[in-house]
Amino acid sequence: MTALFTADDLTHATGGVMTKPFHATGISIDSRTVSPGDLFIALATDTGDGHAHVAEALQKGAAGAMVHREDAVPDEAALLVVRNTQAALTELGAFARTRFEGAVVAVTGSVGKTTTKEMLRTALSACGPTHAAAASYNNHWGVPLTLARMPPDAAYAVVEIGMNHPGEIAPLANLAAPDVAIITSIAGAHLGHMGSLEAIADEKASILPAILQGGAAVLPADSPQLERLRHAVPHGVAIVTFGDSDLRGVRHDADGSDIHAIVCGADIKANFCGTEIRFRLNAPGRHMVMNALATLNAAHCLGADISLCARALETFSPVAGRGARRPILGGTATLLDESYNASGASMRAALAVLRLLPATRRVAVLGDMLELGDHSAREHADLADAVSDSADLLYACGPWMKYLFNAVAAEKIGLHAPDSTALAPAVCAAVRAGDAVLVKGSLGSRMRVVVDALEKASG
Ligand SMILES: Nc1ncnc2c1ncn2[C@@H]1O[C@H](COP(=O)(O)OP(=O)(O)O)[C@@H](O)[C@H]1O
Ligand SMILES: [Mg+2]
């Protein structure tokens, strides 16, 4: 395999010193998933210190390890010794970005980043070799890792950029130096840390000055924050918007009578610079349509063939935990797995999908939305209308979901439990043939427990 980084690249990029020369065919920060030939980077984080796993990584075939301490590593090991491994990872990412001659698309937004990243991977792959992070790698280590892993000869790279706190996006955006940046949406995720929607918009907008001259910003036309975002786009960068007005028609083809919910999707007719594109998305819901429009607009800005991209999007399926649908109860009921995360906007989006799914009864199984700070009680109670519109029955868990539980009509009440482990058996007992079951909550609410229980109960 050709080297991703030669020995010279590694020392040049990081200013580090090698105990013996080695090159790397890949990059790993996790000794459990190291591949032969990788550079293993010993990151020190709140959750653990990679230096303790250097020996294991080398034993699994890592070409060498990047460290900033040598006390915990085997004698004679191939090491790249740097001052700080996090900083050196960032330098490797910058090195990889500088030599990259393909186009980079960066994706940020309150919701829909990972889904849009995956749509871009699917769409752009039809036009040329495309690199994208394996998972939702959008933070101070995820972004440089994604860039460092970027094959120099790829045509396209897709980088997800996220935030929990103000100031996090700008340095990551500068590192990615995107040709095109997408802001998927501005909504109240992480309201607790950010205070207001305007503050959230300003933080997302901090991706925009990093767009390269001649590039483009792809912005959500229907966001009340659009003008705020526009103002942050530098001169020399085009502004492209996506939204409902681009659509010439969307037909969701589940009509409530067909239990084969797994084929439920959307037929989309959209307008791009005067050309009509028609394609089918195997993912129902307005939010999925919007993510697809953002994807096609970004591809268009890069000069990619959007007919090819649209055809490729027909093979897209929602990402695990983010709208993936699976049959349960021997195929007589449908699970809508949204267990990966939740905010007010994504709860509404998922409940709207629940309503579209063909079923004789719709069950919402919801866990707490976290990180909403002082807004928590209201954000939960405010979901009552969306639940009433979409669900026949509500099962809920967690202290904040109590506010929603208390706000919905009595005939919709299933059960409220302290946590997902306590809720799971009740949900399994309640679900029956003909149901569509939405399971959603923040990752910390561990709604995956309910998903696993439903799948186990289904055999
Ligand atoms: N454009 C969108 N608008 C609203 N909700 C969305 C959108 N795209 C995805 N979602 C919802 O948000 C959840 C998280 O999606 P994901 O793509 O992982 O976003 P992120 O990476 O920004 O956290 C999904 O489960 C889905 O319910
Ligand atoms: Mg994500």
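What you are looking at is a predicted structure, and each value in this text was computed from that prediction instead of being measured. As the structure lists them, so they are numbered: ligands from 1, and atoms in each ligand from 1.
Looking at atom 4 (C) of ligand 1, its nearest protein heavy atom turns out to be Val111 CG2, 3.4 Å. Here the protein heavy atom with the shortest distance to atom 13 (C) of ligand 1 is Asn341 OD1, 3.4 Å. Scanning the protein for heavy atoms near atom 2 (C) of ligand 1, the closest one is His287 CB, 3.4 Å. Scanning the protein heavy atoms around atom 26 (C) of ligand 1, the nearest turns out to be Glu338 OE1, 3.3 Å. Counting only heavy atoms of the protein, atom 17 (O) of ligand 1 lies nearest to Thr115 OG1, 2.6 Å. In this structure, the protein non-hydrogen atom closest to atom 12 (O) of ligand 1 is Ser346 CB, 3.1 Å. Protein heavy atom closest to atom 19 (O) of ligand 1, with residue, atom name and distance, is Gly112 N, 2.9 Å.
Under the 4.0 Å criterion applied to side-chain N and carboxylate O atoms, Arg448 and Asp452 are assigned as salt-bridge partners. Arg325 and Asp337 are not joined by a salt bridge, as no carboxylate oxygen comes within less than 4.0 angstrom of a charged side-chain nitrogen. A salt bridge between Arg228 and Asp202 is present, with a side-chain N of the basic residue lying under 4.0 Å from a carboxylate O of the acidic one. Under a 4.0 Å N-O distance rule, the pair Glu455/Arg326 qualifies as a salt bridge. With respect to the salt-bridge test (charged N to carboxylate O, under 4.0 angstrom), the residues Arg280 and Asp267 qualify.
Comparing Arg322, Arg348, Arg286 by heavy-atom distance to atom 18 (O) of ligand 1, the nearest is Arg322.
For Asn139 (side chain) and Trp141 (main-chain N/O), a donor-acceptor pair under 3.5 Å exists by modelled atom type.
For ligand 1, the atoms sitting less than 4.0 Å from at least one non-hydrogen atom of Ala349 are 4 (C), 5 (N), numbered in the order shown with element in parentheses. Below 4.0 Å from some heavy atom of Asn291 lie the following atoms of ligand 1, by number and element: 1 (N), 2 (C), 7 (C), 8 (N), 9 (C). Within ligand 1, counting atoms from 1 as listed, the ones closer than 4.0 Å to a heavy atom of Glu160 are 21 (O). Counting atoms of ligand 1 from 1 in the listed order, those under 4.0 Å from a heavy atom of Lys440 are 13 (C), 24 (C), 25 (O), 27 (O).
Taking backbone and side-chain atoms together, Thr114 has an N/O/S atom less than 2.8 Å away from the Mg ion (ligand 2). For the Mg ion (ligand 2), the N/O/S atoms of Asn138 include none lying under 2.8 Å.
Counting only N and O atoms by type, the side chains of Glu160 and Thr114 include a donor and acceptor under 3.5 Å apart. Side chain to side chain, Glu371 and Ser442 fail the donor-acceptor criterion of an N or O pair below 3.5 Å.
For Thr114, a nitrogen or oxygen atom sits less than 3.5 Å from a nitrogen or oxygen atom of ligand 1, counting backbone and side chain alike. By the 3.5 Å distance cut-off applied to N or O atoms, Lys113 is counted among the residues near ligand 1. Ligand 1 has no nitrogen or oxygen under 3.5 angstrom from a nitrogen or oxygen of Gly109. For Tyr340, no nitrogen or oxygen atom sits less than 3.5 Å from a nitrogen or oxygen atom of ligand 1, counting backbone and side chain alike.
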Item to check | Residues Val365, Val363; criterion side-chain contact (heavy atoms from CB on, under 4.5 Å); working and verdict | outcome: CA-CA 6 Å; Val365 185; Val363 184; 4.1 Å; yes

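Looking at Glu160 and the Mg ion (ligand 2) together, the shortest N, O or S contact belongs to OE2.
No side-chain heavy atom of Asn297 sits less than 4.5 Å from a side-chain heavy atom of Thr241.
Atom CZ of Phe279 is surrounded by more than 12 heavy atoms from other residues, nucleotides or ligands within 6.0 Å.
In this structure, the ring of His416 has its center less than 6.0 angstrom from the ring center of Phe405.
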